[in-house]
Protein chains: 2
Amino acid sequence: MNLEQIAKLSGVSRSTVSRVINNSPQVSEATREKVLQVVRRVNYEPNAAARRLAAGRANVIGLVIPTGVSTLFADPYFSILIQGVLSACNLRSYSVMLWLAEPEQERQQFRTMLHCGLLEGVITASMLSNDTLIQTLAESQLPYVLVGRDPTRSTISYVDVDNISGAREAVRHLLRLGRRRIVTITGPQSMLAGVDRLAGYTAALRERGLLPDQDFIVESDFSEAGGYLAMRQLLPRQPDAVFAASDVMALGALRAIREAGLRVPENIAVVGFDDLPQSTRTDPPLTTIRQPIQRTGAMAVEMLIELIEYPNGIPHRVVLPTELVVRTSCGSSLKN
Amino acid sequence: MNLEQIAKLSGVSRSTVSRVINNSPQVSEATREKVLQVVRRVNYEPNAAARRLAAGRANVIGLVIPTGVSTLFADPYFSILIQGVLSACNLRSYSVMLWLAEPEQERQQFRTMLHCGLLEGVITASMLSNDTLIQTLAESQLPYVLVGRDPTRSTISYVDVDNISGAREAVRHLLRLGRRRIVTITGPQSMLAGVDRLAGYTAALRERGLLPDQDFIVESDFSEAGGYLAMRQLLPRQPDAVFAASDVMALGALRAIREAGLRVPENIAVVGFDDLPQSTRTDPPLTTIRQPIQRTGAMAVEMLIELIEYPNGIPHRVVLPTELVVRTSCGSSLKN
DNA sequence: CTGAAAGCGCTTACAG
DNA sequence: CTGAAAGCGCTTACAG
């Protein structure tokens, strides 16, 4: 069923049908109704490929998550982000093409995807800072928005979460509770979220005149296993608290602490970052920094659609706030 | 950059360029080389929308996961399945459009997506048995394959996992270890995986001449919280073992058991189903039935592509095997 | 082996 | 307000 046939059935020209489909104001009410009736009766659905070709629009965007197999499996962060992007797209009648960037050899596929003429814009998440993917993206001339800021480029739109403040809040909380030997398990320092959360940790200590001790900082990879290993490495420092830069790593830390026969929060207080759904059910329930993951995804969609619709608009940068969620993994100040 | 321009640059016609792009054998080696050089030099990428329009192919399929927001968040099963589908598609140079079926009102969007002319085929997962979505899919005339069988339709392709045998294996293991008061937390009985795994439980008991007790069976929803609640409900039955129809529910069961002050496996043995990555790290590590989730996704892709390429091929049904993975949540037979 | 031409299903100036 | 026509970037009989 195509335009031509609808036209025939409703006794007008193809152009007119096209106009009513696209809600053009320059159609008489009478014709509009007549055509709409046929459209509804035959359940007509315009062909997106043809539309894309003729008019450039097809309402499809790409979502690229450049992470190896393992991380995506392990971190609910991505599921939630994807969910946020997808529901926002549903609301706006956009479809999304999902692409997971696997190792280097796949970069050619990324180019192909960008240049194949199906996508009107792209959202990318979880980039390494200064990822070559971004370069490729920029060259494609497609509108795009980053999830996570990129300090090396000033002219692009991104939505990020306030990682520095969030991490600082986490460590301030620990300090308020009287903890002083606060170690941290960081995210990869090749990712800006990893860098920023470490910066927040450092800032909170400095505010109190404390000097961050290099031995108190172990770099990890946002995975449970990584958090576990890092915590084992930190245990000999005899910490009384740990700030893990993600809830999943905090989970690993909890496991390492338990294995060492120590107790949370009595011996070691634990704060995470993310506030994943399951963090209410860890043992003990995790005190953490909530970031609005789903909203981040939705915001990225809104920004991208704006960029698509107004190509000359200025780029926006949005930084979403975080929030300290106190549960029991740090104890309360009364006890200390 | 389009065909026309490549043609001009290489001094041949558009038709010829198209032929070399599509690897047609009817082109002389000399021309092919000449054209290919230009193609590579300018980094030409054919326009998929135009291709789709002209020839019907664009190498894009849809993946629809009809589950509410909550489940997708909570169950890594879906992340892994998506991963499997995406990597298989990457290998075959297909792109995938991901669509999450939210509540009923969204069904119209599903139709739109199917009929918009971008998709060449569809994979759907985790359907309710006899879901109306399948009806819509069938009407669309698109090739599709189901993840999970549908007993009500005999002419469609699906890939499923042997849920019945898997569940039976799980319960046999418990029986071998001497457990006799074996309860089960089932998946939703509106989903075939839920039904099949319960059937496996029942079958294993029957083999031993045991009668499945209705009080020993609680229906749940594949979520952690659901597993927790179900286990609390089952605890008064004084079970010495529980078969949870998914690892995520087993996690909830572990939590309920721990809260009740009981020990795993001493008081209650626990078996799950899935073998998620994190099931090696539960406390205690979970004995479970491994199902090849990623392979399921990849297989669905292969089957769908075959259906797309050979529209008159016969539908295939593939049932992938499961495997018992013994860790420590059931103890060993020596202890019993 | 190669090219000219028709056609895929739309949109959108242009003319009336 | 409406229609005829050109065009988006490809593919593919058809003719040579």
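Throughout, a chain's letter reflects where its sequence line sits, starting with A, and its residues are numbered from 1. Please read these numbers as outputs of a predicted model, since none were measured by experiment. The basis for the numbers below is simple: all heavy atoms, side chains too, and nothing from hydrogens, waters or symmetry mates.
- Between B/Q5 atom CD and D/dC10 atom C1' there is a gap of 13 Å when expressed in whole angstrom units.
- The line from OH of A/Y144 to CG of A/L114 is 10.5 Å long, rounded to the nearest 0.5 Å.
- For A/R51, a side-chain nitrogen or oxygen approaches OP1 or OP2 of C/dT11 to under 4.0 Å.
- B/R14 comes within 4.0 angstrom of a nucleotide base, judged by non-hydrogen atoms across all strands.
- For C/dT11, the OP1/OP2 oxygens have a side-chain nitrogen or oxygen of A/N22 closer than 4.0 Å.
- Proximity of B/S18 to the phosphate of D/dC10: no side-chain N or O atom is located under 4.0 Å from OP1 or OP2.
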Worked check of side chain to side chain donor-acceptor pair (under 3.5 Å) between A/S15 and A/S18: CA-CA 5 Å; A/S15 322; A/S18 176; over 6 Å; no
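- In this structure, the CG atom of A/L3 is 13 Å from the P atom of C/dC8, given to the nearest Å.
- Rounded to whole Å, the distance from CD on A/E4 to C1' on C/dC8 is 13 Å.
- Under a 3.5 Å cut-off, the side chain of B/D160 and the backbone N or O of B/R149 do form a donor-acceptor pair.
- Contact annotation: B/Y44 does not reach the phosphate of D/dG9 (side-chain N/O to OP1 or OP2, under 4.0 Å).
- Residue contacts for A/R57: at a heavy-atom cut-off of 4.0 Å it reaches the sugar-phosphate backbone alone, with no base atom in range.
- Rounded to a whole Å, the CZ atom of B/R52 is 17 Å from the C1' atom of D/dT12.
- A pairwise comparison of heavy atoms in A/S93 and A/N59 identifies O-ND2, 3.1 Å as the closest pair.
- The residue B/S28 sits close only to the backbone: its heavy atoms come under 4.0 Å of sugar-phosphate atoms, none of a base.
- Counting to the nearest Å, the C1' atom of C/dG9 and the CD atom of A/E45 are 14 Å from each other.
- Comparing the same atom, C1', in D/dG16 and in D/dT12 gives a spacing of 16 Å after rounding to whole Å.
- Across all strands shown, D/dA4 remains unpaired; no Watson-Crick or G-U wobble contact has both distances below 3.5 Å.
- The phosphate of C/dA4 has neither OP1 nor OP2 within less than 4.0 Å of any side-chain N or O from B/S15.
- Nucleotide C/dA13 forms a pair with no other nucleotide shown, judged by Watson-Crick or G-U wobble geometry with both contacts under 3.5 Å.
- B/D162 places no side-chain N or O within donor-acceptor distance of the main-chain N or O of B/V319, the cut-off being under 3.5 Å.
- Nucleotide C/dG3 holds its P atom 12 Å from the CD atom of B/Q26, rounded to whole Å.
- A side-chain donor-acceptor contact under 3.5 Å links B/S28 to the backbone of B/T31.
- In this structure, the nucleotide among D/dT2, C/dC10, D/dG3 sitting nearest to the side chain of A/S13 is D/dG3.
- Place B/A49 and B/R19 on DNA chain D by their nearest nucleotides, and B/A49 ends up nearer the 5' end.
- Mapping B/T31 and A/I21 onto DNA chain C via the closest heavy atom, the residue that lands nearer the 5' end is B/T31.
- Where B/L53 and B/R32 each meet DNA chain C at their nearest nucleotide, the meeting point lying more 5' is that of B/R32.
- Atom CG in B/N47 sits about 18 Å away from atom P in D/dG7, given to the nearest Å.
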